[in-house]
Asker: 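For reference, the structure I am asking about is given below.
Numbers restart at 1 for each chain; the letters A, B, ... are given by sequence-line order, proteins then strands.
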Protein chains: 2
Amino acid sequence: MKRMTPDQRREAIVAAALVVAVRKGLASTTVRDVAAEMGTSSGLIHHYFDSMDEVLAAAFERVAAQDLALSAGAMAEASSPVEALRVFFRTYTPADKDWAFQLWLDAWAEAARRPAVQATSRRLNLEWQGLLEGTIVRGVAAGAFACGDPASAAWRILSLLDGLALQVVAHGTTITREEVVAWATGASEGELGLARGTLLGG
Amino acid sequence: MKRMTPDQRREAIVAAALVVAVRKGLASTTVRDVAAEMGTSSGLIHHYFDSMDEVLAAAFERVAAQDLALSAGAMAEASSPVEALRVFFRTYTPADKDWAFQLWLDAWAEAARRPAVQATSRRLNLEWQGLLEGTIVRGVAAGAFACGDPASAAWRILSLLDGLALQVVAHGTTITREEVVAWATGASEGELGLARGTLLGG
DNA sequence: TCCGTTATTGGACGGCTGCGCAATATCGTT
DNA sequence: AACGATATTGCGCAGCCGTCCAATAACGGA
């Protein structure tokens, strides 16, 4: 195959790994799959990554970090903390990309046995919490929210959303996507002392 | 190996599969692992189960259903809905058995690609929600809780708990077990119109 | 004690796994 | 045009996978 610069090749490997991971699941993505997806030999992958663990972590990070950056960017442009929270719920909720959330499920499960995946998953979860906490802190400072403990409130909102989304993605029919959004925003309004329905404007 | 009745053998297979699943993860549990754990040949397993998917589903069900029954039993003996909820939080929370919750993580992730595991996981999640919903309904009837929608409240409490526990088990150090319990009970008190600290009696 | 039933064996089948390494091909530079 | 650096190949290694099936062994009833 055509020769690439190390940076380009690394990118290509991660991109190919992601395609395979979405199709087969993170845990079942193999060196040969990724090589075939790139159209190269499998040996090439170990020339850039020490282990498959690191390839999978990089592939997961690619989507997860991008989604985070997208949400963070959109929230930063919001006119107020309340609006930022609306943006958060709109962009975080698995809408047409359940596959991304499925990758989160894969990552959480794999974390126990793949150190690099665990590190990435933990770091990104922490960043989501930080993003949310920052927004809450700003809202409290602006007098828009009433919240005694922004850090824990952020964890609660994030975890509720994850727990509910999990049911949709893993089990399909137990609850609907609309219920996830409605229940999570409702609980968050209670958490932050907002009037019912405040966070549902879309 | 010694000949067993079909019932005994099925049990032995499921028990052995569970031991291996706890050690290696649900997804990485193989026919040969299970056979070796039992001390029999691997062909025996397919004499009792059509596929590995069903073995894993049965192994997962063994722990999950037992934990559910244990909680349900203890909650049924509680003197009041409030006490029942206290029991719920005490028994649901991953205390010394993170391994059981890790199996839940495995099951949720595997659900996408293993029909039998998905069916079991979904059914048990629904039963947990039902157990919680029933308790809330009884509490409302007894005037102990104020809750307009017990069904969705049950989903919210369960999902919050799952989402928080997930961080503990998958990432280890992000939040502590104590925070999980404190935050989940706190949110539930808000959800049900209880005074702060009501659910923490232990 | 013999016999039919069936639990159990053990290996065949085709395919897959992560990893490592010598050989080769393709660059940019001289 | 020749060369050194290195990206890429292709395969070997040792082992694993789920599934299937003919042969065997152990049991209960006659």
Asker: Show the atom names and distances, to 0.1 Å, of all donor-acceptor pairs under 3.5 Å that link a side chain in residues 144-153 of chain B to residues at least two apart or in another chain.
Answerer:
from, atom 1, to, atom 2, distance (Å)
B:D149, OD1, B:A151, N, 3.4
B:D149, OD1, B:S152, N, 3.3
B:D149, OD2, B:S152, OG, 3.0
B:S152, OG, B:D149, O, 3.3
B:S152, OG, B:R156, NH2, 2.2

Asker: Please, which pairs that meet side chain to side chain donor-acceptor pair (under 3.5 Å) have at least one residue in residues 162-171 of chain A, sequence neighbours excluded?
Answerer: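 The answer is A:Y92-A:D162, A:Q167-A:H171, A:Q167-B:N125, A:H171-B:S121.
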Asker: Going by heavy atoms closer than 4.0 Å, what residues in residues 45-60 of chain A are next to DNA chain D?
Answerer: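 By residue number: A:H47, A:Y48.
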Asker: Would you write out the dot-bracket form of DNA chain D, 5' to 3', with Watson-Crick and G-U pairs under 3.5 Å, [ ] for crossing pairs, | for pairs to other strands and . for unpaired bases?
Answerer: ||||||||||||||||||||||||||||||
Asker: Sort and list the pairs that fulfil ring-ring contact (aromatic ring centres under 6.0 Å, His included) and have at least one residue in residues 56-83 of chain A, not counting sequence neighbours.
Answerer: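 Matches after skipping sequence neighbours: A:F60-A:W104.
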Asker: Using the test side-chain hydrogen bond (donor to acceptor under 3.5 Å, both in side chains), find all partners of B:D33 that sit at least two apart in sequence or belong to another chain.
Answerer: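 Per chain and number, B:D33 pairs via side-chain hydrogen bond (donor to acceptor under 3.5 Å, both in side chains) with B:K24, B:T30.
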Asker: What residue pairs, at least two apart or across chains, pass salt bridge (Lys or Arg N to Asp or Glu O under 4.0 Å) with a residue in residues 37-52 of chain B?
Answerer: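 Non-adjacent pairs meeting salt bridge (Lys or Arg N to Asp or Glu O under 4.0 Å): B:R23-B:E37.
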Asker: Which residue pairs pass the salt bridge (Lys or Arg N to Asp or Glu O under 4.0 Å) test when at least one of the two sits in residues 56-66 of chain B, sequence neighbours left out?
Answerer: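 Salt bridge (Lys or Arg N to Asp or Glu O under 4.0 Å) check on residues 56-66 of chain B returns B:E11-B:R62, B:E61-B:R123.
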Asker: Who pairs with B:S42 by side-chain hydrogen bond (donor to acceptor under 3.5 Å, both in side chains), at least two apart in sequence or on another chain?
Answerer: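 Applying side-chain hydrogen bond (donor to acceptor under 3.5 Å, both in side chains) to B:S42 gives none.
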Asker: Could I get the full list of side-chain hydrogen bond (donor to acceptor under 3.5 Å, both in side chains) partners for B:E133, not counting sequence neighbours?
Answerer: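 Partners of B:E133 under the side-chain hydrogen bond (donor to acceptor under 3.5 Å, both in side chains) test: B:Q129.
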Asker: If you look only at pairs with a residue in residues 6-47 of chain B, which of them pass as a ring-ring contact (aromatic ring centres under 6.0 Å, His included), with sequence neighbours excluded?
Answerer: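 Output for this query is empty, none listed.
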Asker: Expected output is a numbered-order residue list: members of residues 25-32 of chain A with a heavy atom under 4.0 Å from any atom of DNA chain D. What is it?
Answerer: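 Those residues whose heavy atoms fall under 4.0 Å from DNA chain D, taken from residues 25-32 of chain A in numerical order, are A:R32.
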